[in-house]
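None of the values given here were measured: they were computed from a predicted structure. Each chain gets a letter, A, B and so on, in the order its sequence line appears, and its residues count up from 1.
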2 protein chains.
Amino acid sequence: MQIGDLSRNAGVNVETIRYYERAGVLPVPARQGNGRRIYGEADVRRLGFIRHARDLGFDLQSIRTLLALQEQPEASCTDASRIAQAQLDEVERRLSKLQSLRAELSRMVDECQKGVVAECRVIEALNTSPF
Amino acid sequence: MQIGDLSRNAGVNVETIRYYERAGVLPVPARQGNGRRIYGEADVRRLGFIRHARDLGFDLQSIRTLLALQEQPEASCTDASRIAQAQLDEVERRLSKLQSLRAELSRMVDECQKGVVAECRVIEALNTSPF
DNA sequence: CTTGCTCCTGTAGTGACTACAGGTTGTAGC
DNA sequence: GCTACAACCTGTAGTCACTACAGGAGCAAG
């Protein structure tokens with residue numbers, strides 16, 4: 001599989017794939033005789049994982065940590081547990097923040113839909129919010 | 001009020017305030033004779049609005065739109081509501097993904113605590129999510 | 001009058017891409 | 001075999017939303 005196939009299969013820009021290689025979240029691939037990168041199914045899955053994790057707001061450093069965790073299933077349980085727990089704490093933190101944001105945005109949209117134009121408080125909602 | 005006071009009052013970095021001016025989300029302020037920027041209470045509120053909107057995930061373009069709507073009170077609220085609804089949809093999407101990742105990380109931590117070498121399925125947790 | 005703080009402008013660095021320039025390789029049609 | 005063109009290569013520069021720093025000016029206290 002060449003980079004263009006990987007791009008289509010994973011739904012990730014070719015330039016982004018090469019960037020991920022430089023950033024160290026995708027392994028340096030083997031090359032064909034002509035110098036072109038060769039990929040396999042594992043790379044499609046790995047790329048899918050990276051994209052989802054990025055969508056969730058994880059930065060590339062966190063993603064490197066998550067990938068390292070999954071690549072060393074024989075690593076000591078305490079180490080793996082510590083890394084996983086740290087990621088879990090981060091996920092919980094993001095979850096509670098997002099839940100607050102959801103409440104705030106819902107309130108904004110609700111009030112806007114209920115009100116007439118003159119009573120729209122979308123902008124005021126941001127200034128008088130409990131955050 | 002000088003830029004340092006505004007910075008402290010609004011809890012926003014001095015450099016960020018000057019950046020917001022360049023970016024067109026803060027108005028170009030009056031200057032003292034010595035060339036220093038002068039701000040008022042309205043700027044504290046506007047900056048608070050900008051920071052809050054940024055925290056909610058709005059980009060500066062959306063914020064410019066919201067501020068423009070605020071400055072034309074006869075304009076309809078539907079534009080502001082549409083922007084907020086788009087943000088809300090995105091927050092809901094992220095919440096669902098994070099909840100599935102949390103479940104997977106919890107499972108890994110639990111298995112580690114039981115002394116079982118976790119079969120790492122972090123990648124699958126994100127790839128097999130319904131999104 | 002020197003020290004030290006805040007301010008000024010302008011430029012460069014960050015992270016995570018994204019785009020483009022300029023060159024090479026592979027393939028399909030003639 | 002020749003030509004066209006897509007896909008690949010490297011390397012650099014641009015984007016967004018900041019953040020940091022260099023180099024200089026104003027001002028107030030000791």
Would one find a side-chain N or O of A/R54 under 4.0 angstrom from OP1 or OP2 of C/dC17? yes

So CD of A/Q61 and CG of A/L66: to nearest 0.5 Å the spacing works out to 10.5 Å

Going by heavy atoms in the side chains, are A/R94 and A/V91 under 4.5 Å from each other? no

Spacing of B/E21 atom CD relative to C/dC8 atom P, expressed in whole Å: 9 Å

A/I3 has its side chain closest, among C/dC8, D/dC9, C/dT18, to D/dC9

Could you say whether A/D5 or B/R64 is positioned toward the 5' end of DNA chain D, judged by the nucleotide with the nearest heavy atom to each? A/D5

Looking at A/R37, I'd like to know whether one of its side-chain N or O atoms comes within less than 4.0 Å of OP1 or OP2 on C/dT25. no

Are the side chains of A/Q99 and B/L95 in contact, using a 4.5 Å heavy-atom criterion? yes

Nearest to the side chain of A/D59, which nucleotide is it out of C/dA16, C/dC7, D/dC18? C/dA16

B/Y39 has an atom OH; how far is it from atom P of C/dT6, in whole Å? 16 Å

Value for CG (B/D55) from NE2 (B/H52), rounded to nearest 0.5 Å, stands at 7.0 Å

Return the value, rounded to whole Å, for the distance between atom CZ of B/R36 and atom P of C/dC7. 6 Å

For the atom pair CD1 (A/I38) and CD (A/Q32), what is the distance rounded to the nearest 0.5 Å? 4.5 Å

Taking any heavy-atom pair under 4.0 Å as a contact, classify A/R8: base, sugar-phosphate, or nothing. nothing

Does OP1 or OP2 of C/dA19 have a side-chain N or O of A/Y19 closer than 4.0 Å? no

With respect to the phosphate group of D/dA7, does any side-chain polar atom (N or O) of A/R18 fall under 4.0 Å of OP1 or OP2? no

Choose from C/dC7, C/dA16, D/dA17 the nucleotide whose nearest atom is closest to any side-chain atom of B/L60. D/dA17

Check the phosphate of C/dG26 against A/N34, side-chain N and O only, distance under 4.0 Å to OP1 or OP2. Yes or no? yes

Whole-Å gap separating C1' (C/dT27) and CD (A/Q32): 14 Å

Is a donor-acceptor contact shorter than 3.5 angstrom present between the side chain of A/E15 and the base of C/dC20? yes

Mind calculating the distance between CD (A/Q61) and P (C/dT14) to the nearest angstrom? 15 Å

A/R51 and A/Y20, any side-chain heavy atoms less than 4.5 Å apart: yes

Can you check whether B/R31 has a side-chain N or O nearer than 4.0 Å to OP1 or OP2 of C/dT9? yes

Just how far, in rounded Å, is P of C/dG26 from CD of A/Q2? 9 Å

Between atom CG in A/N13 and atom P in C/dA19, what is the gap in whole Å? 6 Å

For a quick test of reading the model: is some side-chain N or O of B/T16 closer than 4.0 Å to OP1 or OP2 of D/dT19? yes

Mind calculating the distance between CG (B/L47) and C1' (D/dC18) to the nearest angstrom? 14 Å

